[in-house]
Amino acid sequence: MQNTISGFSKLKKAEKIDWLLSTYFSDNVNSRTTITQYWNTDEKLQKLHDEFIENTISNFYLPLGVAPNFLINDQVYTIPMAIEESSVVAAASKSAKFWFDRGGFKAKVLSTTKIGQVHFTYHGDTERLRRFFNIIKPKLINETSHITKNMERRGGGILDIELKDKTNELDNYYQLHVTFETLDAMGANFINSCLEQFAKTLTNEAQEFKTFTSVEKDIHIVMSILSNYVPDCIVRAEVSCKIEDLKDKDIPNPKAFVEKFKQAVSIAEVEPHRAVTHNKGIMNGIDAVVLATGNDFRAVEAGVHAYASKSGRYSSLTHCKLTEDTFTFSMEIPLALGTIGGLTTLHPLVKFALQLLGNPSAKDLMKIVAVAGLAQNFAALKSLTTTGIQKGHMKMHLMNILNQFEATNAEKDAIVNHFKTNTVTHSAVVEAIKALRNH
Ligand code: MEV
């Protein structure tokens, strides 16, 4: 077949690039430069990145920005954010500043339980399986002791193992549903190692269980894997203040503002199309901090969106409450994060980001990340219900358009100045560049 290759992963990096360039690119020289200009001159650092994944050919940069002035539980943070979208860090910073003057954010971890499952099939009497499970449960736990001893010394480990009969949903399907406390580790490797050991013990013990028929002894493991749905690993973030204190240059009438703001949240609570975009805005903040701190943003995304659908209808993650005189805006989300293990000690920028946050515990990081999400949503809804989103968004996007046109520093200064008093649209910027260059 055209363009296929076998043994690619075994080639040297230079050979991989040669193959790519000769197979897919006609302008070999330019494409090679595109790849190599992102290589780090520090060979050790480059090797570190090369070895994070297979078949590394270059590094893919994202800007690392910071949003200062986040007051969370009376402590001030500067939050690191890795993200490409122009307006996200600016919005976070704006929201942080706004709430800094109004008591800041409050955040609380409500639970920290992680979940893993051994999925298996069993053909036979369910009651006999249950008796078998109750007998071998201590052994299931004991036989993981070589994996759990360090975690247990620190106060974590396996919380419980349940046998779940899922045969109503799928013929012969059962689970070991296991709960874990993984403390400051995200725990994926720990959980998966425990699960694979449970699977071994389960099948071995079944073979030896005298009262099983020969068919019953033949338990088949389908898979052993953690769940990224962690509805018992929840953090709550909240802002609240007197309605009259919300007054600022964009909120001349706080009472009218909160009514409209609440309406916007209510729409996201009942309307899935809006809820997805509303929650996407929350994830702008969450993913950026999750990524900067070396955590698995895909796991967080999957888990958060599943949680947003827990009622059976996809809905808003944030909620707004109004009393006669008080505005409260809050969110509860599942976040399985780690501040030890994984990339946290390997990636120099991740280490830096965690240091910037004062080397938080996983619980503290959960609070910080949730606050970044809530702040982002507040900023988006504030803009959407007052000035409209494009004003701030295009202001930040202006630099991208100027870079597309390879504007010089002098041209950038002149055009940024021009748009201080004019509305930024793509065509208005193009016109302004043309006018400047024809001058
Ligand atoms: C854009 O990245 C995010 C927003 O669309 C979020 C929202 O609509 O709430 C502005």
Side-chain angles (χ1 to χ4, degrees), residues 67 69-73 85 87-88 90-108 110 234-286 304-305 307-333 370-396 423-424:
N69 303 320
F70 266 96
L71 185 61
I72 306 174
N73 297 344
E85 191 174 327
S87 52
V88 170
S93 306
K94 227 171 138 185
S95 199
K97 188 77 190 51
F98 183 91
W99 284 105
F100 193 95
D101 301 331
R102 291 165 178 83
F105 294 82
K106 299 282 175 266
K108 194 173 172 196
L110 304 181
I234 298 288
V235 54
R236 178 184 168 82
E238 181 185 300
V239 283
S240 186
C241 72
K242 292 268 170 270
I243 292 173
E244 64 196 30
D245 292 343
L246 287 165
K247 198 167 185 144
D248 81 346
K249 71 172 182 359
D250 296 324
I251 308 177
N253 180 347
K255 191 84 191 146
F257 168 77
V258 293
E259 296 293 343
K260 202 169 168 194
F261 188 99
K262 185 170 166 38
Q263 189 69 11
V265 177
S266 301
I267 290 170
E269 284 167 341
V270 300
E271 209 315 283
H273 282 89
R274 173 55 202 155
V276 171
T277 317
H278 177 98
N279 291 346
K280 186 271 182 189
I282 295 170
M283 299 315 286
N284 278 344
I286 289 181
V304 167
H305 292 297
Y307 191 75
S309 319
K310 68 181 189 310
S311 70
R313 176 172 68 182
Y314 189 91
S315 179
S316 170
L317 292 160
T318 53
H319 304 284
C320 176
K321 199 172 116 205
L322 300 179
T323 62
E324 191 51 42
D325 62 351
T326 308
F327 167 84
T328 305
F329 182 49
S330 67
M331 171 171 80
E332 284 179 16
I333 50 161
V371 163
L374 186 73
Q376 208 67 42
N377 190 225
F378 179 80
L381 293 181
K382 182 171 180 265
S383 296
L384 285 167
T385 57
T386 57
T387 56
I389 204 76
Q390 284 308 83
K391 188 172 168 224
H393 189 79
M394 291 308 288
K395 197 170 135 208
M396 294 310 302
T423 306
V424 183

Checklist line | Residue list, ring-ring contact (aromatic ring centres under 6.0 Å, His included) with F261, at least two apart or on another chain | finding: F257, F327, F329, F378
Check: What is the minimum heavy-atom distance between G373 and M331, and which atoms define it?
Finding: C-CE, 4.1 Å
Next item on the list: Check side-chain hydrogen bond (donor to acceptor under 3.5 Å, both in side chains) between Y307 and all other residues, then give those that pass, not counting sequence neighbours.
Entry: none
Notebook entry, point to check: Which heavy atom in A379 sits nearest to a heavy atom in A91, and how many Å separate them?
Noted result: CB-O, 3.7 Å
Next item on the list: Just jot down the side chain to side chain contact (heavy atoms under 4.5 Å, CB included) partners of K242, sequence neighbours excluded, or say none.
Entry: E244, D245, D325, T326
Item checked: N73 side-chain N/O to A107 backbone N/O, donor-acceptor pair under 3.5 Å -> yes
Next item on the list: Identify, with sequence neighbours excluded, every residue that meets side chain to side chain contact (heavy atoms under 4.5 Å, CB included) alongside A275.
Entry: Y314
Next item on the list: Sequence neighbours left out, what pairs pass salt bridge (Lys or Arg N to Asp or Glu O under 4.0 Å) with at least one residue falling in residues 268-280?
Entry: E85-K280
Notebook entry, point to check: Taking only residues two or more places apart in sequence or in another chain, which ones pass side chain to side chain contact (heavy atoms under 4.5 Å, CB included) with A372?
Noted result: V289
Check: Under a 4.5 Å cut-off applied to non-hydrogen side-chain atoms, are K321 and S330 in contact?
Finding: no
Check: What residues, two or more places apart in sequence or in another chain, satisfy salt bridge (Lys or Arg N to Asp or Glu O under 4.0 Å) together with K247?
Finding: none
Notebook entry, point to check: So how far is it from I251 CD1 to K260 NZ, rounded to the nearest 0.5 Å?
Noted result: 11.5 Å
Item checked: side chain to side chain contact (heavy atoms under 4.5 Å, CB included) against K262, all qualifying residues, sequence neighbours excluded -> S266, C320, L322
Checklist line | Student check: side-chain heavy atoms of I286 and I333 closer than 4.5 Å | finding: yes
Next item on the list: Specify the closest pair of heavy atoms between S95 and A375, including all atoms of both residues, with the distance to one decimal.
Entry: OG-O, 2.9 Å
Item checked: Nearest atoms (heavy-atom pairs only) where L381 meets A264 -> CD2-CB, 4.2 Å
Notebook entry, point to check: Closest heavy-atom contact between H305 and N279?
Noted result: CE1-CB, 4.4 Å
Margin query: If you count heavy atoms of other groups shown closer than 6.0 angstrom to NZ of K255, is the number above 12?
Written below: yes
Checklist line | Side chains of L246 and C241 in contact at under 4.5 Å (non-hydrogen atoms) | finding: yes
Checklist line | K106: partners by salt bridge (Lys or Arg N to Asp or Glu O under 4.0 Å), with sequence neighbours left out | finding: D74
Next item on the list: Quick one: which residue pairs count as a side-chain hydrogen bond (donor to acceptor under 3.5 Å, both in side chains) with a foot in residues 378-389, not counting sequence neighbours?
Entry: D248-K382
Checklist line | Distance in Å, T328 OG1 paired with I243 CD1, rounded so as to fall on 0.5 Å steps | finding: 9.0 Å
Notebook entry, point to check: Does any non-hydrogen side-chain atom of L374 lie less than 4.5 Å from one of W99?
Noted result: no
Check: Sequence neighbours excluded, which residues qualify as side-chain hydrogen bond (donor to acceptor under 3.5 Å, both in side chains) partners of T277?
Finding: none
Notebook entry, point to check: Residues in side-chain hydrogen bond (donor to acceptor under 3.5 Å, both in side chains) with S316, at least two apart?
Noted result: H278, T318
